[in-house]
Every structure is written in C-alpha cells, then in structure tokens.
Amino acid sequence: MPILPYRLVDHREITAAVERATRALTPDVVRIGYSIATDWTGDQSIFFRIILSDEAASKEKQLGEIAQSVESAILSEVNVDELGLQYYFNYRSQSEQASLNDRAWA
C-alpha cells in the first residue's frame, strides 16, 4: 500500500481502536501498546507493542498465524493507511515482559 502524507493523529481515536483490537484478540493478546515516532528512515511511524499470553506465545507452529491475525485486526481497527504512517509490530510474551519489566511495554 502506498503511504499517504502524515497527518495529525487523534490519540484518543487510536487508543480506542487499539482497545477494540485487544478485546477482539483475547485470550491470545494480553495488551497492545503503541507509540508514534520516526523510524530509521526518518518516516513518521506507529510502533505497536503486543504482549501475547504465554499460552499463545508457546504455540510455535501457530505463532505465524496468530501474528497475522493480530496484525490484521490492528490494521483494520486503527486504519493505519489513512493516517499516512509506516507501521511496525513488536511482540513479547507475558512472562518475557514480567521478566524485563519494561515500562514502555507496561
């Protein structure tokens, strides 16, 4: 998909869309966070931080399918293409986050 010029985003709208996606993806997804910043090329981007349940993360054979459904749901709810942002997805398991205790992922 072509990336449209970046426009100002309504964080309340994005947060509501992320919450809808999280509810739809339960129990595989525990939490989805996001931030908007420039990527390594200097393009405005949205970075999604997805915490998977330990059970979902342990399903190695289905992990690709789980990730694909997570990404589809997020893109559908958030309408990222309309925002003109590049998008990135990063994943952690619930136990990995508990071990790292990374505040950005909390």
Side-chain angles (χ1 to χ4, degrees):
M1 292 256 155
I3 301 299
L4 303 173
Y6 171 70
R7 68 173 176 83
L8 293 177
V9 297
D10 182 347
H11 285 276
R12 292 172 301 186
E13 191 177 303
I14 294 172
T15 299
V18 166
E19 288 171 0
R20 286 191 304 272
T22 303
R23 281 192 302 273
L25 295 163
T26 301
D28 290 336
V29 172
V30 174
R31 184 171 41 258
I32 302 171
Y34 75 93
S35 58
I36 297 176
T38 54
D39 67 7
W40 64 278
T41 66
D43 290 333
Q44 285 292 317
S45 303
I46 187 165
F47 298 86
F48 293 101
R49 299 177 303 278
I50 299 111
I51 298 180
L52 296 175
S53 69
D54 287 335
E55 183 178 338
S58 69
K59 298 177 182 176
E60 290 185 36
K61 291 183 180 179
Q62 291 114 0
L63 202 50
E65 293 171 17
I66 292 170
Q68 187 174 25
S69 68
V70 167
E71 293 169 17
S72 292
I74 292 171
L75 293 176
S76 174
E77 287 292 339
V78 177
N79 295 318
V80 174
D81 290 333
E82 291 178 16
L83 298 175
L85 299 170
Q86 295 283 7
Y87 47 87
Y88 298 90
F89 300 95
N90 297 292
Y91 293 87
R92 283 189 184 162
S93 69
Q94 196 170 10
S95 60
E96 181 182 13
Q97 170 56 20
S99 172
L100 294 172
N101 197 25
D102 186 341
R103 297 183 90 194
W105 284 68

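We number each residue from 1, following the sequence as shown.
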Q) Taking all non-hydrogen atoms of both residues, which atom of Y88 and which atom of S45 are closest, and how far apart? A) CE1-OG, 3.6 Å

Q) R49 and A104: which non-hydrogen atoms are nearest, and at how many Å? A) NE-O, 2.8 Å

Q: Rounded to the nearest 0.5 Å, what's the gap from OG on S95 to CD1 on I51? Could you check?
A: 10.5 Å

Q: Look up atom CG in D81 and atom CD in Q86, then write down how far apart they are to the nearest 0.5 Å.
A: 9.5 Å

(Q) Quick test of your reading of the model: are R92 and D102 salt-bridged, counting only N-O distances below 4.0 Å? (A) yes

Q. If you take all heavy atoms of A57 and S93, which pair is closest and at what distance?
A. CB-CB, 3.7 Å

Q) What distance do D28 atom CG and T22 atom OG1 have between them, rounded to the nearest 0.5 Å? A) 12.0 Å

(Q) So, taking the atom named CG in N90 and the one named CD1 in I50, what distance separates them when rounded to the nearest 0.5 Å? (A) 7.0 Å

Q) How far does CD of Q97 sit from OH of Y91, to the nearest 0.5 angstrom? A) 16.0 Å

Q) With a 4.5 Å heavy-atom cut-off, do Y87 and L75 have their side chains touching? A) yes

Q: Kindly determine whether V29 and L52 satisfy side chain to side chain contact (heavy atoms under 4.5 Å, CB included), including the steps that lead there.
A: CA-CA 4 Å; V29 172; L52 296 175; 4.0 Å; yes

Q: Flag the pair F48 / V70 as yes when at least one side-chain heavy-atom distance between them is below 4.5 Å, and no otherwise.
A: no

(Q) Over 60° means perpendicular and under 30° means parallel, so tell me whether H11 and Y34 are parallel, tilted or perpendicular. (A) parallel

Q. Closest heavy-atom contact between S69 and L25?
A. O-CD2, 4.0 Å

**Q.** Validation row: I14, L83 side chains within 4.5 angstrom (heavy atoms)
**A.** yes

(Q) Please report the interatomic distance CG(L85) to CD(Q44), rounded to the nearest 0.5 Å. (A) 7.0 Å

Q. What closest approach, in Å, do E77 and A17 show between heavy atoms, and which atom pair accounts for it?
A. O-CB, 3.3 Å

Q: Mind listing the closest non-hydrogen atom pair of A56 and I66 along with its distance?
A: O-CD1, 3.7 Å

(Q) With a 4.5 Å cut-off on side-chain heavy atoms, are I74 and F89 touching? (A) yes

